[in-house]
Amino acid sequence: MKPSNPSRVLTLERGLQILEYIVERRNVTVTNVATAFGIQKSASHRFLNTLKYMGYVEQTPQSDYALTGRLRYLAEGVVPRIEVRNFARPYLEELSKAAEQPSNLGHWDGREITYLAQRLFNSALEGYAAGNRIPAYCSAMGKAVLAFSPREEVEAYVARTQFTRFTEKTICDRAMFLKELEAIRERGYAVMNEEMAAHLVGVAAPVFNKEGYPRYAVSVAGLCFRPVEAFVAEVCDDVVQTAREISEFLAHARTMEDK
C-alpha cells in the first residue's frame, strides 16, 4: 500500500487528475469522469463546473466539456485574466435561491455601474438586463462601491455628478449622500429604497479586486410591497457573504476589467 502523505491536498490532486484526463480525451461528459474516477456524478459535475468557471474548460452544444486555450497560456508563462461574470454565476444562483429574489453582479468604472450578470426571478425587472448601465448614486450596488472607495474619489464623483431625481426618495443632496455612504461603510452593505423606481428595493455589498479596490458589487433587488426593513433583514447576510466569497477569490486573480 502506498504510504499516505499528510502534505497532499487530495481534492486538488483529484482536480488535476481530471484536468489531465480531459487533456487526453479532449471531450468528456459528467458520466465519463464519474466512471473513470469512481466518484458520484454530483462530484464529477462539481469538478467540471469548477474547471469551467476557472476558464479551463467550456461546454459544447452537446453538453460535453472541452478544453479552452487557458492551459496553453499558462505553459507560455502568461496568466490569462478571468471573466468575473463566469466565476460569479453559481454564487448568484445560490444567492437568488436563498433570497427568492433576483441577484446581480455589477462593475464600477468610475462613473456608473454596469450589470455584468444576473439571475432573474421577476419579469418586471427585465429592463435591468446584463450590459445595462445605471447611476451609482441611487443604486444599491453603486452606493456599496462608493462607500468603500477612497475619500478623494468619492468627492470627485460627487462634484461632477448631476443628481437627477427619479422618485421622491432619490437622494439628491450631496451632504446627505455623503452621510449615507458613512452609514453604509459602518454596517457593510447598502440599501436602495425606491430611489430608482417605485417599489424597487435592493441590498448590495462591495466586491474587492486583487488590489483591494471595490471594483464590483453583488446585490439582491426586487419589487417590494412590504416594509423595506423586513426585506433587508432577510437578504443582507447572504448578500454580504456572497460578496465576501467572490472577493476572496479575486484576491488571487486578475480580471478582464483590471487595467
Side-chain angles (χ1 to χ4, degrees), residues 53 83-109 112-122 124-130 132-149 154 169 171 177 180-197 199-209 212-251 253 255 257:
Y53 293 122
E83 287 196 66
V84 179
R85 74 186 77 195
N86 290 337
F87 177 78
R89 280 191 179 109
Y91 290 91
L92 296 181
E93 182 78 25
E94 291 301 316
L95 180 58
S96 288
K97 288 180 181 178
E100 297 184 346
Q101 294 286 348
S103 62
N104 313 282
L105 173 72
H107 171 245
W108 165 245
D109 64 3
E112 297 174 301
I113 293 291
T114 300
Y115 280 81
L116 294 183
Q118 287 185 317
R119 179 66 175 95
L120 291 179
F121 275 86
N122 191 327
L125 297 177
E126 287 178 353
Y128 299 98
N132 280 13
R133 300 167 69 86
I134 57 173
Y137 67 89
C138 57
S139 64
M141 289 194 289
K143 292 194 293 182
V145 167
L146 286 167
F148 290 86
S149 294
V154 175
K169 293 187 177 181
I171 300 175
F177 180 71
E180 168 80 354
L181 295 185
E182 290 179 7
I184 293 168
R185 193 158 47 247
E186 289 179 3
R187 66 175 176 253
Y189 61 86
V191 176
M192 182 266 295
N193 182 14
E194 299 187 85
E195 294 159 55
M196 293 183 63
H199 304 297
L200 181 60
V201 175
V203 177
V207 173
F208 299 90
N209 68 2
Y213 185 81
R215 291 291 300 276
Y216 309 91
V218 165
S219 76
V220 164
L223 298 177
C224 183
F225 300 93
R226 57 197 174 103
V228 66
E229 293 81 7
F231 179 95
V232 173
E234 289 177 4
V235 306
C236 64
D237 288 345
D238 289 330
V239 170
V240 170
Q241 180 61 27
T242 300
R244 182 180 297 120
E245 290 175 355
I246 297 175
S247 295
E248 288 173 356
F249 173 78
L250 294 187
T255 72
E257 290 80 17

| query | What distance separates Glu229 CD from Cys236 SG, expressed to the nearest 0.5 Å? | reply | 12.0 Å

| Pairing residues for Thr242 by the side chain to side chain contact (heavy atoms under 4.5 Å, CB included) criterion, not counting sequence neighbours | Tyr91, Leu95, Val218, Ile246

| request: Nearest 0.5 Å please: distance from the NE2 atom of His107 over to the CD atom of Glu112. | output: 12.0 Å

| query | Which residues pass the ring-ring contact (aromatic ring centres under 6.0 Å, His included) test with Tyr137, sequence neighbours left out? | reply | Phe163

| said: Tell me whether Ser103 contacts the main-chain N or O of Val220 through its side chain, where contact means a donor paired with an acceptor under 3.5 Å. | reply: no

| request: Quick one: list whatever passes salt bridge (charged side-chain N to carboxylate O under 4.0 Å, His left out) with Glu245, sequence neighbours left out. | output: none

| request: Give the minimum heavy-atom separation between Pro206 and Ala144, together with the two atoms involved. | output: CB-O, 3.8 Å

| task | Give me the ring orientation class for His199 and Phe225: parallel if the planes are under 30° apart, tilted from 30 to 60°, perpendicular past 60°. | result | tilted

| query | How long is the span from the OG1 atom in Thr114 to the CG atom in Asn132, to the nearest 0.5 Å? | reply | 9.0 Å

| request: Measure the spacing between CG of Leu105 and CG of Leu116 and express it to the nearest 0.5 Å. | output: 5.0 Å

| note | Heavy-atom closest pair (Gly222 atom, Pro102 atom, distance to 0.1 Å) is CA-CD, 4.4 Å

| Partner of Tyr189 by side chain to side chain contact (heavy atoms under 4.5 Å, CB included), out of Val235, Ile184, Val203 | Val203

| query | Which is it for Val207 and Arg215 under the side chain to side chain contact (heavy atoms under 4.5 Å, CB included) test, yes or no, and what are the steps along the way? | reply | CA-CA 7 Å; Val207 173; Arg215 291 291 300 276; over 6 Å; no

| query | In chain order, what residues pass the ring-ring contact (aromatic ring centres under 6.0 Å, His included) check against Phe231, with sequence neighbours excluded? | reply | none

| message | Side chains of Met141 and Trp108, heavy atoms from C-beta outward: is any pair under 4.5 Å? | response | no

| request: Identify, with sequence neighbours excluded, every residue that meets side chain to side chain contact (heavy atoms under 4.5 Å, CB included) alongside Ala205. | output: Val239, Val240, Ala243

| task | Find the distance between CD1 (Ile113) and OG (Ser139) and round it off to the nearest 0.5 Å. | result | 5.5 Å

| remark: Correct closest heavy-atom pair for Lys143 and Met192 would be NZ-CA, 4.2 Å

| Can you tell me how far CD1 of Ile171 sits from CZ of Phe177, rounded to the nearest 0.5 angstrom? | 7.5 Å

| request: Taking all non-hydrogen atoms of both residues into account, name the closest pair between Pro227 and Cys224 and its distance. | output: O-SG, 4.4 Å

| Pairwise salt bridge (Lys or Arg N to Asp or Glu O under 4.0 Å) hits with a residue in residues 234-244, at least two apart | Arg226-Glu234

| Contacts of type side chain to side chain contact (heavy atoms under 4.5 Å, CB included), residue Glu182, not counting sequence neighbours | Arg151, Arg185

| request: Determine the minimum heavy-atom distance between Ala136 and Leu146, stating which atoms define it. | output: CB-CD1, 3.9 Å

| query | Does the side chain of Leu92 come within less than 4.5 Å of Gln118's, by heavy atoms? | reply | no

| said: Which residues pass the salt bridge (charged side-chain N to carboxylate O under 4.0 Å, His left out) test with Asp109, not counting sequence neighbours? | reply: Arg111, Arg133

